[in-house]
Amino acid sequence: MIESSSLYNEDLAPVLPNERKWGTWNYAALWISMSLCIPTYMLASSLIEGGMNWWQSILTIFIANTIVLIPMILNGHAGAKYGIPFPVLARASFGTSGANIPAILRAIVACGWFGIQTWIGGKAIYYLIRVWFPSMSETLISGAFPHAVPFACFLAFWALNMLVVYLGVESIRKLLVFKAFFLPLAALALLLWAISAADGLGAILSQPSRFADTGSFFKFFFPALTGMVGFWATLSLNIPDFTRYAKSQKAQINGQALGLPTSMTFFAFVGVVVTSATTIVFGTTIWDPVVLAGKFESKVVVSFAMIAIAISTLATNIAANIVSPANDFANLAPKKINFTMGGFITGIIGLLIFPWKLAEDPSGYIFTWLVGYSSLLGPIGGIMIADYYFIKKQQLDVDDLYNPKGRYSFSSGFNRNAVIALLVGILPNVPGFLLQIKVISATAFPEWISHLYSYAWFVGFFVSGIVYLLLMRKK
């Protein structure tokens, strides 16, 4: 009986076929809900800030989400077929103990996202207070830490998230319903404001690209594309956490294809139009919607906007950034760590990661954070897909996935080939990352090696996948 296994708990157990009730529109709705969030808006806006014009930004985001849809559907297959979550699927390739490596790497990324979303929610609370006390500073951060009041708002919002974790996931359902109705309406309202304030779309869409030539454009485009792929690289790994509830493969495939690229592109378009309008209306590019909302004169409008942003961010944070890492941390010790404990661990790491620094400017957000962690997650995706489709031929023994001494235990619970392939896939991106965070000089490595970082997710995905196949077929 797998229930008695040290690798089993109720959160990690396979979902029985008669309990899998998610259809096509459930997955489309999931992606609409996940995509319509402040970081999506900030993605598109930060591309404008980086120098792209509106159609270059939209096209970059559409291409990236079409690319990431492929591993999303491929990894989702195992969840839909066997009803297992991501950490359990990872046992098939990394081993029953080795699965903790990709699970924790993925969980730490979720902790980072949790921190970023919590900072956004705290910032909304600060601007809400500042509406009524306008003498308070508009500057939120100086040096390594925020000012006292913004930091207190961040900690208050963090505590609210932890309260919801304590109360359980069910407590967030009404907030998610509110979000699903409110954010599309808010997005349309922002779009209409931008068109009206800038006297039509003509002036907005005529904003030129700031790149002098094709070479300078592509120098920005490829890291930006990698960053956009990296945005959902987390979900492309742990999508089995959701597809395990699918009625059929068709439901998860069609639902994701309908929901992901379309909703991301739509909200990105809103972000692009509104950000371009701020350049015309205010004379400066405002890529953060929380800061933009604070520019409006009506105290009631700004107060409503800030409260709505905070509630919406809270709902997104729990749904997208707590559920999955809670599973990942539970996989460390299934008999000792439950959802609540996993949620608290996520919250503490989210504090320690200094999220206000990650979200402070576009270069840090795209090139350090998004591209940086995509260099870790790309290799994991490559290994898991290569294993499931080419080594296992989509055939898994579910009972053995929960057996510490079964076929997936490999050597002492670790598949050394997977660990080696992971390290080999990460290695090419290390020089570029070190250069990006400015701990080495630009001449420390040949230029072509440093430039591999611009393609971090792709390099890691294919290098690790190919190395893994070669090592496994030598056995």
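Note that the structure is predicted; figures quoted are calculated from it, not measured. Atom set for the values below is all heavy atoms of this structure, side chains included, hydrogens, waters and symmetry mates excluded.
Across N238, T234, V229, a single residue satisfies side chain to side chain contact (heavy atoms under 4.5 Å, CB included) together with L377, and that is T234.
Between N415 and V419 there is no side-chain heavy-atom pair separated by less than 4.5 Å. Side chains of Q394 and Y388 form a contact here, defined as non-hydrogen atoms less than 4.5 Å apart. Taking 4.5 Å as the limit, every side-chain heavy atom of L89 sits out of range of all side-chain heavy atoms of Y82. Residues P404 and S5 have side chains in contact (heavy-atom distance under 4.5 Å, counting atoms from C-beta outward). I61 has its side chain within reach of L47: a pair of non-hydrogen atoms, C-beta onward, lies under 4.5 Å apart.
A donor-acceptor contact shorter than 3.5 Å is absent between the side chain of Y27 and the backbone of A257. Judged by distance alone, with hydrogens and angles left aside, the side-chain atoms of T340 form no donor-acceptor pair with the main-chain N or O of Y166 at under 3.5 Å. Listed for the K392 side chain is a donor-acceptor partner under 3.5 Å among the backbone atoms of A92. At distances below 3.5 Å, at least one donor-acceptor pair connects side-chain atoms of Q249 with backbone N or O atoms of H77. In this structure, the side chain of T243 engages the main chain of G76 through a donor-acceptor pair within 3.5 Å. With hydrogens and angles disregarded, a donor-acceptor distance shorter than 3.5 Å links the side chain of R20 to the backbone of A80. Judged by distance alone, with hydrogens and angles left aside, the side-chain atoms of D11 form no donor-acceptor pair with the main-chain N or O of N327 at under 3.5 Å. Judged purely by atom type and a 3.5 angstrom limit, Q56 uses its side chain to pair as donor or acceptor with the backbone of N53. Side-chain atoms of S409 come within 3.5 Å of backbone N or O of G406 as a donor-acceptor pair. In this structure, the side chain of N26 engages the main chain of G23 through a donor-acceptor pair within 3.5 Å.
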Practice problem: Start with the C-alpha distance between W356 and F354, add both sets of side-chain angles, then the distance that settles ring pair (Phe, Tyr, Trp, His ring centres under 6.0 Å), and finish with yes or no. | Solution: CA-CA 6 Å; W356 49 87; F354 282 44; 5.2 Å; yes
Exercise. Run the numbers on F231 and V68 for side-chain contact (heavy atoms from CB on, under 4.5 Å), then give the verdict.
Key: CA-CA 9 Å; F231 188 76; V68 83; over 6 Å; no
Exercise. Apply side-chain contact (heavy atoms from CB on, under 4.5 Å) to the pair Y8 and K335, showing each step before the final yes or no.
Key: CA-CA 7 Å; Y8 177 94; K335 296 300 183 186; 4.3 Å; yes
Self-check item: Evaluation steps, side-chain contact (heavy atoms from CB on, under 4.5 Å), between V459 and T226
Solution: CA-CA 10 Å; V459 171; T226 304; over 6 Å; no
Practice problem: Please test Y408 against D397 for side-chain contact (heavy atoms from CB on, under 4.5 Å), starting from the C-alpha separation and ending with a verdict. | Solution: CA-CA 9 Å; Y408 304 120; D397 184 325; 3.9 Å; yes
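Side-chain contact annotation: N317 with T118, donor-acceptor N/O pair under 3.5 Å present. A donor-acceptor pair shorter than 3.5 Å cannot be found between the side chains of D328 and N331. Side-chain N/O atoms of N417 and Y468 include no donor and acceptor closer than 3.5 Å.
S93 and A418 make their closest contact through O-CB, 3.4 Å (heavy atoms, listed as atom of the first residue, atom of the second, distance). What you find for V398 and P14 is that their closest heavy atoms are CG1-CG, 3.8 Å. When all heavy atoms of N338 and M341 are compared, the closest pair comes out as OD1-N, 2.9 Å. Of all heavy-atom pairs spanning G79 and P240, the tightest one is CA-CB, 4.0 Å. Between A277 and A194, the shortest heavy-atom distance links the atoms CB-CB, 3.7 Å. Closest heavy-atom contact between M162 and G347: CE-CA, 3.7 Å.
Here the CD1 atom belonging to I380 is positioned 10.0 Å from the CZ atom belonging to R106, to the nearest 0.5 angstrom. Expressed to the nearest 0.5 Å, how far OG of S324 lies from CG of N321 amounts to 8.5 Å. The line from CG of L190 to CG of L185 is 11.5 Å long, rounded to the nearest 0.5 Å. Summarising the geometry, atom CD1 belonging to I70 is positioned 8.5 Å from atom CZ belonging to F461; distances are rounded to the nearest 0.5 Å. Distance check: N429 CG to L376 CG gives 9.0 Å after rounding to the nearest 0.5 Å. Between atom CG of residue N75 and atom CD1 of residue I385 there is a gap of 4.5 Å, rounded to the nearest 0.5 Å.
Judged by the 6.0 Å and 45° rule, R91 forms a cation-pi pair with Y402.
The ring of W31 has its center closer than 6.0 angstrom to the ring center of W232. Taking the ring centroids of F218 and F222, they lie under the 6.0 Å cut-off.
Using cut-offs of 30° and 60° for the angle between ring planes, the W54 and F269 rings count as perpendicular.
Every residue meeting the ring pair (Phe, Tyr, Trp, His ring centres under 6.0 Å) condition with F217, not counting sequence neighbours, appears here in chain and number order: F211, F221.
Heavy atoms of other residues, nucleotides or ligands lying less than 6.0 angstrom from CD of E19 number more than 12.
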